[in-house]
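Notes for the one structure printed next.
Computed from heavy atoms alone, side chains included, the values below leave out hydrogens, waters and symmetry copies. So that the names make sense, note that chain A is the first sequence line, chain B the second, and so on, each numbered from 1.
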2 protein chains.
Amino acid sequence: MEDKTCHGVETAVHALVGKWKPIILYQLMETGTMRFNELKRSIPNITQKMLTTQLRELEYHKIVHREVYPQVPPKVEYSLTEYGKKIIPILQSMQEWGTAHQQYMRENDIQTIEK
Amino acid sequence: MEDKTCHGVETAVHALVGKWKPIILYQLMETGTMRFNELKRSIPNITQKMLTTQLRELEYHKIVHREVYPQVPPKVEYSLTEYGKKIIPILQSMQEWGTAHQQYMRENDIQTIEK
DNA sequence: CAGTATCCAATCAGATACTG
DNA sequence: CAGTATCTGATTGGATACTG
């Protein structure tokens with residue numbers, strides 16, 4: 001990767017890329033600390049595998065903190081790191097824009113999500 | 001797609017997903033109106049195919065305007081729509097956060113981009 | 001409860017060649 | 001100049017079954 005146009009934007013995208021990451025972050029941002037299955041329930045269509053891998057990546061990027069309680073049955077809690085909380089404004093802008101976008105596209109009869 | 005957790009965030013991601021889209025938008029945001037090859041030159045590693053398809057998708061979402069001048073040799077200009085300009089704050093937040101992220105990850109010896 | 005492991009289908013991305 | 005077309009390899013995502 002040359003660093004000619006290697007903007008921060010690229011890096012941000014890289015950290016946020018993945019079908020479910022913004023949704024996961026949005027959940028954690030709204031609810032705070034959440035357990036694995038709690039997160040899973042809050043995102044109906046996600047599979048266990050996807051939730052795990054996306055969480056691992058977010059953890060790797062220090063955006064999400066994973067707290068394991070060594071007990072039976074297992075208990076694992078996820079939360080935004082102080083560092084991860086700094087992307088909240090981005091998510092909020094996205095949320096705002098996305099909602100307006102849905103409205104706009106609906107008014108112009110253009111399909112957005114339903115492939 | 002159920003619309004339980006179908007937030008605006010999802011929609012925003014959907015419109016912005018693609019390896020090059022944020023970079024393309026960032027270019028247009030910085031430079032304003034740009035021709036096809038001008039865009040291509042400003043994004044060193046992009047292929048013609050990728051640039052075309054990503055631009056088409058952005059056009060479909062009414063984020064980018066495509067102006068064709070019917071002349072030989074062809075001239076096509078791309079620019080952000082009024083509507084597309086509304087995502088500028090998002091890109092700026094991403095730019096800001098991404099730059100800080102690079103710094104942070106470097107300090108902690110964690111790789112970000114170089115797969 | 002919170003995961004792994006496997007396998008498979010779909011999508012994405014790159015290289016290359018060609019065109020009005 | 002600004003694209004299309006085609007082929008191929010890589011990456012992602014989903015379904016399902018199993019586990020400490």
Side-chain angles (χ1 to χ4, degrees), chain A residues 1-2 5-6 10 13-24 27-28 31 33-61 64-79 111-115, chain B residues 1-2 5-6 10 13-24 27-28 31 33-61 64-79 111-115:
Chain A
M1 179 75 67
E2 291 82 321
T5 49
C6 189
E10 266 184 278
V13 178
H14 197 82
L16 296 177
V17 143
K19 186 171 174 180
W20 305 100
K21 274 178 205 161
I23 307 172
I24 292 171
Q27 288 300 324
L28 290 176
T31 311
T33 300
M34 294 177 85
R35 297 183 61 173
F36 184 84
N37 274 339
E38 190 182 355
L39 261 173
K40 183 151 169 21
R41 275 190 303 274
S42 74
I43 308 171
N45 297 314
I46 200 170
T47 61
Q48 224 160 6
K49 177 192 166 188
M50 280 300 101
L51 183 53
T52 303
T53 58
Q54 305 268 296
L55 280 170
R56 288 293 177 284
E57 288 174 28
L58 290 169
E59 194 192 348
Y60 178 84
H61 280 274
V64 157
H65 174 68
R66 179 167 178 261
E67 182 78 34
V68 183
Y69 297 85
Q71 60 185 44
V72 180
K75 175 178 171 185
V76 180
E77 285 183 344
Y78 294 91
S79 56
Q111 263 57 46
T112 47
I113 300 242
E114 31 285 333
K115 28 181 149 185
Chain B
M1 179 78 62
E2 291 81 322
T5 49
C6 191
E10 266 184 279
V13 178
H14 198 81
L16 296 177
V17 143
K19 186 172 175 181
W20 306 100
K21 274 179 205 160
I23 307 172
I24 293 171
Q27 288 300 324
L28 290 176
T31 311
T33 300
M34 293 177 85
R35 296 182 62 172
F36 185 83
N37 275 340
E38 190 181 358
L39 261 172
K40 182 151 170 22
R41 275 191 302 274
S42 74
I43 308 172
N45 298 314
I46 200 170
T47 60
Q48 221 158 12
K49 177 191 164 191
M50 279 300 101
L51 183 53
T52 304
T53 58
Q54 304 268 296
L55 280 170
R56 287 293 177 285
E57 288 175 29
L58 290 169
E59 193 191 349
Y60 177 85
H61 280 273
V64 157
H65 174 68
R66 178 166 178 263
E67 183 77 34
V68 183
Y69 297 86
Q71 59 184 47
V72 179
K75 175 177 170 183
V76 180
E77 285 183 343
Y78 294 91
S79 56
Q111 264 57 47
T112 45
I113 300 244
E114 33 283 331
K115 27 180 150 183

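- Between A:R56 and C:dT4, a side-chain N or O to OP1/OP2 separation shorter than 4.0 Å is present.
- Between B:R66 and D:dG3 there is a side-chain polar atom (N or O) within less than 4.0 angstrom of OP1 or OP2.
- For the atom pair CG of B:L39 and CE of B:M34, the computed distance is 4.5 Å after rounding to the nearest 0.5 Å.
- Per the geometry, CG belonging to A:L39 stands 10 Å off P belonging to C:dG3, to the nearest Å.
- Counting to the nearest Å, the C1' atom of C:dA2 and the CD atom of A:Q71 are 12 Å from each other.
- A donor-acceptor contact shorter than 3.5 Å links the side chain of A:K21 to the backbone of A:V17.
- Phosphate contact (OP1/OP2 of D:dC1, side-chain N/O of B:Y78, threshold under 4.0 Å): absent.
- The CD atom of A:E77 sits 9 Å away from the P atom of C:dA2 (whole-angstrom rounding).
- When rounded to the nearest whole Å, the span between CZ of A:R41 and P of C:dC1 equals 8 Å.
- Across all strands shown, D:dC1 is found opposite C:dG20 as a Watson-Crick or G-U wobble partner, with both distances under 3.5 Å.
- Contacts of B:K75 with the nucleic acid, taken as non-hydrogen atoms under 4.0 Å apart, involve only primed sugar atoms and P, OP1 or OP2.
- In this structure, A:Q54 places its CD atom 16 Å from C1' of C:dG3, rounding to the nearest Å.
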Protein proximity profile, nucleotides 14-20 of chain C - base contact B, sugar-phosphate-only contact S, no contact -, cut-off 4.0 Å on heavy atoms: BB----B
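- Under 4.0 angstrom from either OP1 or OP2 of C:dC1 there lies no side-chain N or O belonging to A:R35.
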